[in-house]
Structures are given as structure tokens and as C-alpha cells.
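What follows is a single structure, written as C-alpha cells, with notes after it.
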Amino acid sequence: MNTIKKTKWGIIGCGKIAHKFAQDLSTVPDALLFAVSSRSLEKAKNFGDTYNAVHCYGTYEELSKNSDIDIIYIATPHVFHYENTLMCLRHKKAVLCEKPFAMNRIQVEEMIDTAKNNNVFLMEGLWTYFLPHYQYVLNALESKEFGAVKKIKADFGFAADFNPDERLFNKNLGGGSLLDVGIYPLFAAVSILGYPEKIEAEATLGKTGVDESCTMQLFYKNDVIASLFSSITQKTNTEAIIECEKGTIFIHSKFHEPSHLTIQKNGVSEKINFDTKTHGYSYEIIHAQKMLSQDCKESTIMSFDRSIELISLLDSVRNIIGLHYVNNTN
Ligand SMILES: NC(=O)c1ccc[n+]([C@@H]2O[C@H](COP(=O)([O-])OP(=O)(O)OC[C@H]3O[C@@H](n4cnc5c(N)ncnc54)[C@H](OP(=O)(O)O)[C@@H]3O)[C@@H](O)[C@H]2O)c1
């Protein structure tokens, strides 16, 4: 009897997003949640029992040393992505690391170099890139049926309960709207228009010193502009509108997760629905597994160059708004 070899996943950090990821992992037929790790063994066991993990560890390092694991998903706060990723790569483990990839470009470049030196796969978990509606938009724009893009407007804002210790507001944990949610409007701009010629930005820094809201304008050749906004204190539509020469694409709320589109062209408005049965993380999981099965060390979609563009944009915006994290130079 032929048995399909399952990809053995490990998870580092058993927080909110790790739960959603584990739920989606269970929908991917050739994926196996093999091991989970938390700073608390009890928490790891609870998480592992919920999702039938084979091994549960009370330290991240123990998991990274398990030689049977094929790939590790890192779901810790932003400030730990760099050290957690380096540890896994040095133990020759493939890594899918949550967004933002790290705190700055210097860290991202070291992560990429370490992956190359250890000959293992590494990818930033910018899950939006892999979603069917987003791929549809990118393909439609590439086909030129809408002509050139003239303007992008995108926002992501929600009103979080203020808690200075929690990662959203805690500067030591990389808090603020830009790195948490502003990365999605920035990703929309960079994935459609590339790196801008000029950046303007303005932020409201709150009492913990992080950007509670951030307004960004990216300027491109031929007067093309991307107007972007992020917030952790204001709820916004969280949609993306792409105005082109021959029509407009509306990516409805929330544009960064499984969503649907309205396309306006030649005076006709058409709604396009996408039937997505998971939270949406299944698409990046399937892609990462495909990359591993083809022995790729870099994603053909979320490439190293794309991650470097994205972190460079985040660095530039941070410099403009004067947001500097202690212990994460730059
Ligand atoms: N792709 C997406 O849609 C999406 C959505 C939300 C978040 N994210 C990203 O995923 C990452 C985690 O976000 P989250 O919302 O899941 O955060 P969270 O609920 O706070 O979970 C983070 C986990 O990291 C671990 N951790 C290690 N050191 C920590 C420390 N000093 N303080 C707090 N936690 C620590 C903890 O796991 P243990 O206690 O088990 O060690 C904690 O449960 C962030 O980088 C965020 O940007 C992505």
C-alpha cells in the first residue's frame, strides 16, 4: 500500500494566531502537527492535546532540536522572530515565520543569510499573498485588462483594548499599528507597485511610545500614489481600492484575509466571490509544503527580495515617524 509522506510541522509559541494556524493545518491532507512548544510545558500540552500533536515541549529549543520535524512555524511576538528563526535554521530546520519577518532589515538579511548558509527553506508568513482573491487581483492587474494602476487606497484599523503590557501596545514586544497591521496596506502597495520613489508618513504615538495610528503616502512615477493607513485604536473599513486606467477593483473588508471583490469596468459593476473554507492560512501552508517537496530553499511567491522590500519600507516609515525600538537597533 502506498502511504503519502506527511509534512511534519512544529509550532513555536502557543498564542492566538498559533491556534488558528493549527486549525487550518488540520485541513491540509498531507500536513501533520508533529510538535508544539511553549515557554510553559502545561500550555504546550493543552495546545498539543487540542490539536493532537505528537510531541509537546516546555522550551522552544527542545522542539528545534527534534530531528524528525520538517518545518517550524514561528508564532511569537515580532521581537522574537529573529532569534527564534536563527535558532531553528541553525538546527537545520525549515522555517515559516509570522509577519513582520523581524524588527528591521539588518535582522531579516541575517536570517536570509543563515538560511542560505544552512541550506534550509525560509519564508515570511505573509499569508495574504497566497489567498485566492488576492492572487486573482494580481493576475488581473498583470494581464493589463485594467490598464496601469493610478492609485491604491488601503487601510487596516481596529480598536484594541488598551493594555500597556500586551504585545500591541508594549514597545518591548514591538508594539504599534505599523508592524502589526500597517504591514498589510504596505504589502498591498509593494506587491502591486513595487518600491516607491518617495515616502511620507505621520503617526500618533501613544503613551507607551508606539504608533497607535499611522498615515502613509507612497509616491511612484507618473503621479501614481498609494494612500495607506493603520491603527490599533480606530476601527476602519479595512479595505483596498485599486484605481486603474480602465476600471477599479474593490477588495472588500477585510482585504488581507479571505475576501471578495467588486470590479467596476466600462460602467458595469461585477461582484466576485471566493469560496474559502478555512481561516486562510491553509494556502500558505500548502505553498510551503510544495516548496519543501520541490527542495526549494526560497518561496517562488513570497521571495527573499519581497521580504526585504517590505522590511525596508517598514524601516523607512519608522524612521520618518520617529519610532525606534530599544534593543532592536535602527
Ligand atoms: N498572519 C496573521 O493573520 C496574524 C494574525 C495575528 C498575529 N500575527 C503575528 O503572529 C505573531 C503572534 O501574534 P499573536 O496575536 O498570536 O500573539 P499572542 O497571542 O500574544 O501569542 C504570542 C505567543 O508568543 C509566545 N511568547 C514568547 N515570548 C513572549 C513574551 N515575552 N510575551 C508574550 N508572548 C510571548 C507566547 O507563547 P508561549 O506562552 O506558548 O510560549 C505567546 O502566546 C505576531 O508577530 C503577529 O504579528 C499574524
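Owing to the predicted nature of the structure, the values given are computational and were not obtained by experimental measurement. Order of listing sets the numbers, starting from 1, for every ligand and every atom in it.
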Anything under 3.5 Å between an N or O on ligand 1 and a protein N or O? List each pair with its distance, or write none.
residue	atom	partner	partner atom	Å
ligand 1	1 (N)	Glu98	OE1	3.1
ligand 1	1 (N)	Glu98	OE2	3.2
ligand 1	1 (N)	Trp127	NE1	3.4
ligand 1	3 (O)	Trp127	NE1	3.2
ligand 1	3 (O)	Tyr281	OH	2.6
ligand 1	13 (O)	Arg167	NE	3.2
ligand 1	13 (O)	Arg167	NH2	3.4
ligand 1	15 (O)	Arg167	NE	3.4
ligand 1	15 (O)	Arg167	NH2	3.0
ligand 1	16 (O)	Lys16	N	3.3
ligand 1	16 (O)	Ile17	N	2.8
ligand 1	17 (O)	Arg167	NE	3.0
ligand 1	19 (O)	Lys16	N	2.9
ligand 1	28 (N)	Arg39	NH1	3.4
ligand 1	37 (O)	Cys14	N	3.4
ligand 1	39 (O)	Arg39	NE	3.4
ligand 1	39 (O)	Arg39	NH2	2.9
ligand 1	39 (O)	Lys43	NZ	2.6
ligand 1	40 (O)	Cys14	N	2.9
ligand 1	40 (O)	Ser38	OG	2.6
ligand 1	40 (O)	Lys43	NZ	3.3
ligand 1	41 (O)	Arg39	N	2.9
ligand 1	41 (O)	Arg39	NE	3.0
ligand 1	41 (O)	Tyr60	OH	2.5
ligand 1	43 (O)	Gly15	N	3.3
ligand 1	43 (O)	Lys43	NZ	3.0
ligand 1	45 (O)	Thr76	O	3.3
ligand 1	45 (O)	His78	ND1	2.9
ligand 1	45 (O)	His81	NE2	3.1
ligand 1	45 (O)	Lys99	O	3.3
ligand 1	47 (O)	His78	ND1	3.4
ligand 1	47 (O)	Lys99	O	2.8
ligand 1	47 (O)	Lys99	NZ	2.9

Review point. CZ of Phe187 to CE of Met302: how many Å apart, nearest 0.5 Å?
Key: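 If I round to the nearest 0.5 Å, the distance is 6.0 Å.
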
Point to revise | Distance, nearest 0.5 Å, that separates NZ of Lys254 from OG1 of Thr236 | key: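 Nearest 0.5 Å value for the NZ-OG1 distance: 9.5 Å.
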
Would you please indicate if the ring centroids of [X] and [Y] are separated by under 6.0 Å?
X	Y	value
His81	Phe101	no
His133	Phe255	no
His279	Trp127	no

**Study point:** Test item: side-chain donor near acceptor, Asp211 and Ser177, under 3.5 Å
**Key:** yes

